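Everything below concerns the one structure shown next.
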Amino acid sequence: MDVSREIAQRINRESRIVATEWDGILAGLLAEKYDAIIGSMAITPTRQESVDFSTPYYHSGAQLFVHRDNPDKVYSISECNGLRIAVVLGETYQHFLEEKFPDVEVVTLKSAAEIFAMLEQKRITGFVTDRLVGAWQTKEAGRPFVPVGEMLYKERIGIPVRKDNPDLLGQINTALAAMEDDGTMQRIHQRYFGLGKTSSSKLGTMEPSVIATKLLKGFAVSLGIALAALLLGFVLAIPSGLLLTFQRGSLKPLHFLVRGFVDFIRGTPVLIQLLFVWLGLGLSPFPAAILTLGICAMAYMAEVIRAGLMSVDPGQDLGARALGLSPLDRFRFVVWPQAFRIAIPPLMNCVVALLKDTALVSIISIPELIREAQSIISVTFEPGLYYLIAGLMFFAVTFPLMKLSDRVERSIKAKGFAHD
């Protein structure tokens, strides 16, 4: 981030940091979610086919790290045959190990924090990462991990931009050259990787007030997305549920169209739908999250509404027709009140499921609860604690909803409005 801010200042642009998952970071660049990646990305021929890289702004290499106790007594990657070695998903180290050391069991994880937790528990033998970054992370996390053996290979680290943005690439290269000439790059390097202290305050800590603020703001974002998606889903679910009940007549084509769409949404992972809307359709993160979760909620709630409508005795509609009520009035005053009353408990279960599904939107860089917890973990390296706190925050909202759903269902049965 220090390098990115310095470059932005020198080329007279505003710096806005976008935190995203590493395994989808190049896809986000190509989808124009951001302009450049300044995140220790190695320059490789495969990546150069898709993006253009700046001149290298530092050199490093792949390094094997193990627990200081070294229970498996390994001192180089060649001694790791049959052992579990972890890498971050999407990094070049995974391909290198699979190609050069096929007998090593490569474990792919989403972040260094997850790797550190597994190595602390000695569920893996070690991990491979960038030598400088790994050493810095280990020191800041206060973990008993040490590098062993020689570097596996050397890497040139550059800044990728899209091929259709040569002007930005030229400006970045000019800024990097100036930073090298005036010593700025060396000072940044010394701050993090030198022999002295990294800064005046310990980087591996975060103030409790900051942690609380980040978690509460993230949870507010989660609840906001859930509410917007719920409203969208419910509005779409009512006509969809109605169409699902019309299997004859002039509305039959619409019935089959809605049926196919609902079945497709219910039969595919929400995560795939989210990535398609975000990257495939090119929507911004918040609209993509609300639209995806709203459509998903619609599919499940439409089935609930269909079941509620079908549970109403046909004689109710016939009786209303005998009284001379119009089709709209029969639906408004006779069929819908009974169907909705029966559908309330399963609809509330859909609300609970939707709230929990908001955790998935962290993958598209939305600062909701899970993303904020991950940002805290990236500093404190305590995944167990902060994932537990995030889970308890969700539980504090979903548990009352589940109990309310049970109470409403019992009340409906006690009044004789539900069929056994």
Side-chain angles (χ1 to χ4, degrees), residues 1-62 87-96 108-113 128-134 136-137 154-180 184-185 188-189 192-193 275 278-280 282-285 288 362-367 371 374-375 378-379:
M1 291 192 293
D2 287 358
V3 173
S4 67
R5 293 190 179 104
E6 183 67 27
I7 291 175
Q9 182 178 353
R10 291 175 183 249
I11 65 176
N12 296 319
R13 294 203 183 194
E14 180 184 356
S15 173
R16 185 169 66 88
I17 304 300
V18 179
T20 189
E21 301 287 349
W22 180 261
D23 53 324
I25 197 168
L26 272 177
L29 176 65
L30 296 175
E32 301 184 11
K33 303 300 180 182
Y34 26 83
D35 300 305
I37 298 172
I38 308 183
S40 295
M41 180 169 285
I43 302 172
T44 67
T46 301
R47 289 170 175 164
Q48 286 178 309
E49 294 176 1
S50 302
V51 296
D52 288 333
F53 278 89
S54 70
T55 55
Y57 65 99
Y58 77 88
H59 295 75
S60 187
V87 297
V88 172
L89 181 64
E91 292 184 338
T92 55
Y93 314 119
Q94 177 184 356
H95 178 71
F96 173 80
T108 55
L109 297 169
K110 297 288 285 185
S111 68
V128 172
T129 189
D130 179 273
R131 177 175 63 91
L132 291 175
V133 174
W136 181 83
Q137 289 177 328
K154 294 183 179 180
E155 290 181 317
R156 299 176 302 142
I157 308 301
I159 300 171
V161 300
R162 291 184 297 276
K163 287 184 175 291
D164 61 358
N165 203 353
D167 292 340
L168 177 60
L169 181 65
Q171 293 174 353
I172 289 175
N173 282 333
T174 300
L176 288 175
M179 291 167 65
E180 288 287 352
T184 300
M185 190 66 73
I188 294 175
H189 188 280
Y192 290 99
F193 307 117
L275 291 174
W278 181 53
L279 294 175
L283 295 187
S284 299
S362 63
I363 201 169
I364 62 173
S365 305
I366 291 180
R371 168 64 66 173
Q374 290 172 338
S375 70
S378 69
V379 176

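This is a predicted model, so every value here is computed, not measured.
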Closest approach of [X] and [Y], non-hydrogen atoms and distance?
| X | Y | value |
| --- | --- | --- |
| Thr20 | Trp278 | OG1-CH2, 4.5 Å |
| Ala8 | Glu14 | CB-C, 4.4 Å |
| Ala31 | Leu279 | CB-CD2, 3.7 Å |
| Ala42 | Arg47 | O-NH1, 2.9 Å |
| Arg156 | Pro56 | CB-CG, 3.9 Å |
| Ala62 | Val128 | CB-CG1, 4.1 Å |

Margin query: As a quick check of understanding, evaluate side chain to side chain contact (heavy atoms under 4.5 Å, CB included) for Arg371 and Ile366, giving each step before the final call.
Written below: CA-CA 7 Å; Arg371 168 64 66 173; Ile366 291 180; over 6 Å; no
Next item on the list: Assess whether side chain to side chain contact (heavy atoms under 4.5 Å, CB included) is satisfied between Leu89 and Trp22, documenting all intermediate values.
Entry: CA-CA 7 Å; Leu89 181 64; Trp22 180 261; over 6 Å; no
Notebook entry, point to check: Quick one: does Ser54's side chain have a donor or acceptor within less than 3.5 Å of a partner on Asn173's backbone?
Noted result: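 No.
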Notebook entry, point to check: Within the side chain of Tyr34, is there an N or O that forms a donor-acceptor pair under 3.5 Å with the backbone of Ala19?
Noted result: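 No; zero donor-acceptor contacts below 3.5 Å.
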How long is the gap from [atom1] on [X] to [atom2] on [Y], to the nearest 0.5 Å?
| X | Y | atom1 | atom2 | result |
| --- | --- | --- | --- | --- |
| Thr55 | Ile159 | OG1 | CD1 | 7.5 Å |
| Thr92 | Ile43 | OG1 | CD1 | 11.5 Å |
| Asp167 | Ile172 | CG | CD1 | 11.0 Å |
| Leu26 | Ile37 | CG | CD1 | 4.5 Å |
| Leu168 | Ile11 | CG | CD1 | 5.5 Å |
| Ile7 | Ile38 | CD1 | CD1 | 4.0 Å |

Item checked: Neighbour count >12 (heavy atoms, 6.0 Å) for atom NZ, Lys163 ->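 Above 12, so yes.
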Next item on the list: Look at atom NE2 of His59 and say whether more than 12 heavy atoms of other residues, nucleotides or ligands are closer to it than 6.0 Å.
Entry: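 More than 12 heavy atoms, drawn from other residues, nucleotides or ligands, come within 6.0 Å of this atom.
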Next item on the list: Would you kindly say whether Gln137 and Thr129 are connected by a side-chain donor-acceptor distance under 3.5 Å?
Entry: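 Their side chains do not contain a donor-acceptor pair, so the 3.5 Å distance test is not met.
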Margin query: What I want to check is whether the side chains of Asp130 and Ser40 have a donor and an acceptor closer together than 3.5 Å.
Written below: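 On atom types as modelled, these side chains do not qualify, holding no pair under 3.5 Å.
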Note to self: Counting C-beta onward and ignoring hydrogens, is there a side-chain heavy-atom pair between Tyr58 and Leu132 closer than 4.5 Å?
What the structure shows: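 Heavy-atom side-chain distance check passes, below 4.5 Å.
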Notebook entry, point to check: Taking the side chain as C-beta and beyond, is there a heavy-atom pair between Leu29 and Arg162 under 4.5 Å?
Noted result: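 Yes, close enough: below the 4.5 Å cut-off.
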Check: After noting the C-alpha distance and the side-chain angles of Lys33 and Val18, does the key distance pass the side chain to side chain contact (heavy atoms under 4.5 Å, CB included) rule?
Finding: CA-CA 9 Å; Lys33 303 300 180 182; Val18 179; over 6 Å; no
Notebook entry, point to check: What do the steps show when you test Gln171 against Arg13 for side chain to side chain contact (heavy atoms under 4.5 Å, CB included), and what is the final call?
Noted result: CA-CA 11 Å; Gln171 293 174 353; Arg13 294 203 183 194; 3.6 Å; yes
